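Right, one structure below, let's go through it.
Both backbone and side-chain heavy atoms feed into the values below; hydrogens, waters and symmetry mates do not. The structure displayed is predicted, hence computed values, not measured ones.
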Amino acid sequence: MDFLNILNDPQQKAVQHIDGPAMIIAGAGSGKTRVLTFKIAYLIYKGIDPFNILSLTFTNKAAKEMKERIAKAVGEQQAKNLWMGTFHSVFAKILRIEHEKVGFPSNFTIYDTDDAKSLIKAILKDLNLDPKVYKPSLVYNRISSAKNNLISADAYADNTNIISDDNQSQKPYIHKIYKLYQNRLFRAGAMDFDDLLFKMNELLRDDPEILLKYQNKFRYVLVDEFQDTNYSQFTILKRLAARHENITVVGDDAQSIYAFRGANIQNILNFKNTYPDTQIFKLEQNYRSTKNIVNAANSIIKQNKEQLKKTVWTANDEGEKIKVFRTNSDQEEGMSIANEIFRVENEQHLGFDSFAILYRTNAQSRALEEALRKSDIPYRIYGGLSFYQRKEIKDLLGYFRLTLNPNDEEALKRIINYPARGIGKTTLDKFILTASQHNVGLWKVIENPLAFKVQITGGTLNKLNAFRDLIYAFSKIIENENAYDAGQKIAASSGILKELYSDKSAEGLARYENVQELLSGLKEFSEDQKEQGLPAKLPDFMNDVALLTDQDQTDDEEQPKVTLMTVHAAKGLEFPYVFIAGLEENLFPSQLSVNSRADLEEERRLFYVALTRSEKKAYISYALTRFRWGNLIYCEPSRFIEEIDETFLDYPFVEKQTSNFSDFIRSQTKSQPTKKKTAFTPPRNLKKVSSTNAVSFEGSPSSEIVAGAEVEHVRFGKGKVLQVEGVDPNKKATVFFNGVGQKQLLLKFAKLKVL
DNA sequence: TAATGTAGAGTTTTT
DNA sequence: CTCTACATTA
């Protein structure tokens, strides 16, 4: 095994371990993917049949990349037979194979979160419950977390703790919604994300034959990103591995950032309790980042109480210190970053894809995007509304879904009257009611409304029959044509293409293009599958389209671009230069996390993940003001900045002034009208970048701000004071800004200059 | 039943 | 602010 030579000692040992439980604790940048890849290659090299290896990853993209790497090591033929994918996609596949035992059609639909919430809304209506009290997203989360803990609808209703919780929060009927929700899913031949795991658990629990079959099939189980698995997932693993106990988990407790969706960090912290024979391998050498970055990240993470002991170190260069930017506004923050990217790129010529801007929330991308656009820096934003969540895409997929599974209620509701064909809400409501009364699928009623004595007019019946026949026709098309041709035909004869084409607005054009993009995706799929000798029908495409995310899309990038994404989305990636924006209290850490120690620790891990993405240099920035929901709010620097050992920071402000940030801010804002402040003028490293915007913008004394005065604001530009009210510390001015409109500003914060 | 207008809510992260 | 969902009107 030549290739072992390029690994370090603990990496080699981890790779060469074959039988029995193993846990690989992989620090950030320690070559985790490489070890996992080599380990699988090594197993195959040692004669283990790839058919017997199951490897679970966090994203489909990760699985695909790993498979390609393994193919290079052991050859295409061998690699092809590996089972690799996300928990959801692998188990969806198995559930389709074993669908008879599960009691679902093999082409069951997978409801995404939007479908699920929409269904919950429909149930609320049936139960006459107020959607403001029973917020669909809240109910969904409650059900989801129950499922992730393997609590069925019946168990939920019987659990006195849960019920008293719900009673306490004035939502006593959640158990009822849960039960009905499962009923409706069943009738629609649909599962939500959590069901995929839940039903897999049930299957393995209740059917010894199936259990044995998959235990013997997956003699070797490997799990990546184990720190982000939930109880349901771990339970599946335990069941599968119970016979041979060849289970290898790889992860980093310091990078566990998905507790909000049920991930249980205890899975990794207590893995050895479950398998006392576990061999533990620690990968502690970081190959990615400079000493400064590694040490700064260590100084952050050590503040967390709950963690496995390890010491991440690097032999790399010292590198530059982490630079801190402070700006007056979120816009300026964007400009500072854009200017710095421009400067570094001019100097180093690494290409714009060497830069990433990371942030806590998607909403922050706007100001950053604007700044990059102004500076003519190419960029690509990841996340936000995903491609597959767009209305036009869901509409077309709705036709595909309904044709493949006519009981798919959410798909039906979505398209039965889109494009408009005269079947309105009233009619649809009648059908849904009738279906519920007879406890049959919606499609049964649609096919033959008279059999169920639904009161409809002859005209409606005709329209309905036309729709029914349309779907029948699509069904034939899907049977006979490949995915692309079928998709094309359905898009055309459903009227969707025409509908979108007739909309000449910019948004309409974009929607049309999106649909075209989906169709070309189908084309690519059809050709790829054919090439590999695999089936290329529409159902094959639809099988896990609900499990795809934007990250799985192949981007045919023509030019290098700066990456903009949330910290979560950046997990597993690396960039030479990383900017972490919006390091402010109530933003990062998020407002919702600051009250609980566990949540705050997760935010801190998130920051750790962000910082450890960088190879050469990291920047962190915060703004003193920021727009949120159209309102200007005032921000304080994040506690995380203080938590970094200052020897790793290039942060000129703290040295001169007090280290207490709130005092610092207060002193600035209070003394604002008078004397010149040394500390508040932009520090040297900022001068250059902020000079394009407002250079050390000085406000006038509040006594000069009177009604009728012409003033200038650092952000809104020129305007006229309409009214001033209140007394000095809390004096408030109403100002009309040209082109911006009327704003109310507190003078102690807002800097207004009288012209 | 379709189209238009208005009110209300939302920003934590995603399979 | 911006988007969506609902209600009202034609």
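- Residue A:Arg366 is classed as a sugar-phosphate contact, given heavy-atom separations below 4.0 Å to backbone atoms only.
- Within residues 115-152 of chain A, the residues that place at least one heavy atom under 4.0 Å from DNA chain B are, in residue-number order, A:Lys135.
- Figure legend: cation-pi geometry between A:Lys463 and A:Phe467 absent, as NZ or CZ is not positioned both under 6.0 Å from the six-membered ring centre and within 45° of its axis.
- In this entry the distance linking NZ of A:Lys394 with P of C:dT4 reads 13 Å, nearest Å.
- Summary of the strand contacts: A:Arg261 and A:Lys463 both lie near DNA chain B, and taking for each the nucleotide with the nearest heavy atom, the more 5' one is attributed to A:Lys463.
- With respect to the salt-bridge test (charged N to carboxylate O, under 4.0 angstrom), the residues A:Arg366 and A:Glu369 do not qualify.
- Rounded to a whole Å, the CD atom of A:Gln227 is 16 Å from the P atom of B:dT14.
- Taking atom P in both C:dT4 and B:dT13, one finds a spacing of 16 Å when rounded to whole Å.
- Listed by first and then second residue, the side-chain hydrogen bond (donor to acceptor under 3.5 Å, both in side chains) pairs involving residues 116-137 of chain A are A:Ser118-A:Glu410, A:Asp126-A:Arg184 (not counting sequence neighbours).
- A tilted orientation is assigned to the rings of A:Tyr258 and A:Phe260, their planes being inclined by 30° to 60°.
- Residue-nucleotide stacking is present for A:Phe260 and B:dT13, judged by a side-chain ring centre under 5.5 Å from the six-membered base ring centre and planes under 30° apart.
- Under 4.0 Å is where a charged nitrogen must lie from a carboxylate oxygen, and between A:Arg401 and A:Asp115 at least one such pair does.
- In this structure, CG of A:Leu587 is placed 11 Å from P of B:dT13, rounded to the nearest angstrom.
- Centroid-to-centroid, the aromatic rings of A:Phe226 and A:Phe234 come within less than 6.0 Å.
- The environment of A:Tyr231 atom OH is sparse: at most 12 non-hydrogen atoms of other residues, nucleotides or ligands sit within 6.0 angstrom.
- Between A:Asp252 and A:Lys32, no side-chain nitrogen of the basic residue sits less than 4.0 Å from a carboxylate oxygen of the acidic one, so the salt-bridge criterion is not met.
- For A:Thr566, a side-chain nitrogen or oxygen approaches OP1 or OP2 of B:dT14 to under 4.0 Å.
- One atom, CD of A:Gln255, and another, P of B:dT13, lie 20 Å apart when rounded to the nearest Å.
- Using a 4.0 Å heavy-atom distance criterion, A:Asn417 is classed as a sugar-phosphate-only contact.
- A straight line from CG of A:Asp395 to P of C:dT4 spans 12 Å, rounded to a whole angstrom.
- Contacts of A:Ser593 with the nucleic acid, taken as non-hydrogen atoms under 4.0 Å apart, are absent.
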Under the rule of Watson-Crick or G-U wobble with both distances under 3.5 Å, where | means paired to another strand and [ ] a crossing pair, DNA chain C maps to ||||||||||
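- When rounded to the nearest whole Å, the span between CZ of A:Phe87 and C1' of B:dT14 equals 15 Å.
- A:Ile257 has its CD1 atom 9 Å from the P atom of B:dT14, to the nearest Å.
- Side-chain nitrogen and oxygen atoms of A:Asn60 include none within less than 4.0 Å of the OP1 or OP2 phosphate oxygen of B:dT15.
- If you look at A:Phe104 and A:Phe186, their ring centroids are closer than 6.0 Å.
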